[in-house]
Number of protein chains: 2
Amino acid sequence: MDDQSDAGRAEPSRRDLAAMLAPLAQAFATAELPILRAHNLTMWAYVVLITLADNPIRSQARLAAATGADKTRIIPILDDLQARGLIDRYPDPADRRVHLLALTDEGLRLCRAAQAQIQRHEEEVLARIDPADRAGLLRALAALSALPAEEITGDHESPPTP
Amino acid sequence: MDDQSDAGRAEPSRRDLAAMLAPLAQAFATAELPILRAHNLTMWAYVVLITLADNPIRSQARLAAATGADKTRIIPILDDLQARGLIDRYPDPADRRVHLLALTDEGLRLCRAAQAQIQRHEEEVLARIDPADRAGLLRALAALSALPAEEITGDHESPPTP
DNA sequence: TATTGTTATACTCTATAACTATA
DNA sequence: TATAGTTATAGAGTATAACAATA
């Protein structure tokens, strides 16, 4: 408990994780933009395509949950992707309220092509850090990403204020 | 060059870095919120205090650049912090346009106390991953954070569109 | 003329609420 | 009655533009 007593002024040995992660996420996202532009994709369109490519997703509601986006936000994106022939959207025969989503061949090809170029650039950046640290970074990121978000946030989210 | 030819459909061995980093940054930032609330700090107020604590910053313009925020955005935050006695703000005698900024004793104590609690929570989360990977993660994040942002973004930022 | 800080305004992004159709 | 998708509206957050003081 004595780390409590001197916690008031002591300098920490590292910066906060969010303070390091957020600018890096921003920088890598910025690095994606010219590549996505070259493939005529917005960031959200790319997120949707990759999510559909990596997971078998049925409805728009599930896609919204998987991407963390609001369900109303992905609608114009889906409209555009469908008009360009990158996804198929058709009513579920079992429940005609639901719209089933699927990548077309060209949708899969396009997002994988963009992703390959993005990750090639990322590897160039990662090549600048120590190989052992780089491997640890990738394993740690995968492990942290696999945790349920509440294990990180502590879900002290909305304490009911009565 | 043959990785070009099959890049169209091949599944990558990992997700994009931004796709992993952004949700983690979000989750760790969310974890900070209840702690900051307990110290009566907003996220931006905390960012300002930590930035002043970690770097010797003179003017508001330099603070804005260091935090990545627009100069107009930090003004109401500085007003509040000054009113609460957490920072001092006074004109530079050498150039009376410039407002010099400095943490007060209480400002330093408050942000270090919040930071200690934040990092204690972070360590609990980090304890869940392999110690070697955890060490590699922290070294890799420090190394990547030390890079100029343009080394990650590739500064293909604003191609002049004449 | 150029720069620091400030204020007021406009814009972008995102979520909320209201509606249709299916169940 | 409840849910999936859609549309229209309102709100939060952010940047842009105009201004005063100083150099």
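Residue numbering restarts at 1 for every chain, and letters A, B, ... go by the order of the sequence lines. All heavy atoms count here, side chains included; hydrogens, waters and symmetry mates do not. Everything numeric here is computed off the predicted structure, so don't read it as measured data.
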Would you call Glu32(A) and Arg37(A) a salt bridge, using N to O less than 4.0 angstrom?
-> no
Give a yes or no on whether a salt bridge exists between Asp79(B) and Arg89(B), defined as a side-chain N under 4.0 angstrom from a carboxylate O.
-> yes
Strand-adjacent residues in residues 18-29 of chain A, judged by heavy atoms under 4.0 Å from DNA chain C = none
Asp16(B) and Gln119(A): side chain donor to acceptor below 3.5 Å = yes
Is the number of heavy atoms from other residues, nucleotides or ligands within 6.0 Å of CZ (Arg73(A)) greater than 12?
-> yes
Does the distance from a Lys or Arg side-chain N to an Asp or Glu carboxylate O, for Arg112(B) and Asp54(B), drop under 4.0 Å?
-> yes
Looking for any heavy atom pair under 4.0 Å, which part of the strands does Arg89(A) touch: base, sugar-phosphate only, or nothing?
-> sugar-phosphate
So, Asp80(B) and Arg84(B), do they make that salt bridge, N to O below 4.0 Å?
-> yes
What's the spacing between Arg139(A) CZ and Arg134(A) CZ if we round to 0.5 Å?
-> 10.5 Å
d(NE2, His99(A); P, dT3(D)) in whole Å = 18 Å
Determine yes or no for a side-chain-to-main-chain donor-acceptor pair under 3.5 angstrom, with Ser59(A) supplying the side chain and Val98(A) the backbone.
-> no
When you check every protein heavy atom under 4.0 Å of nucleotides 10-23 of chain C, what one-letter string (B, S, -) results, 5' to 3'?
-> ----SBBB----BS
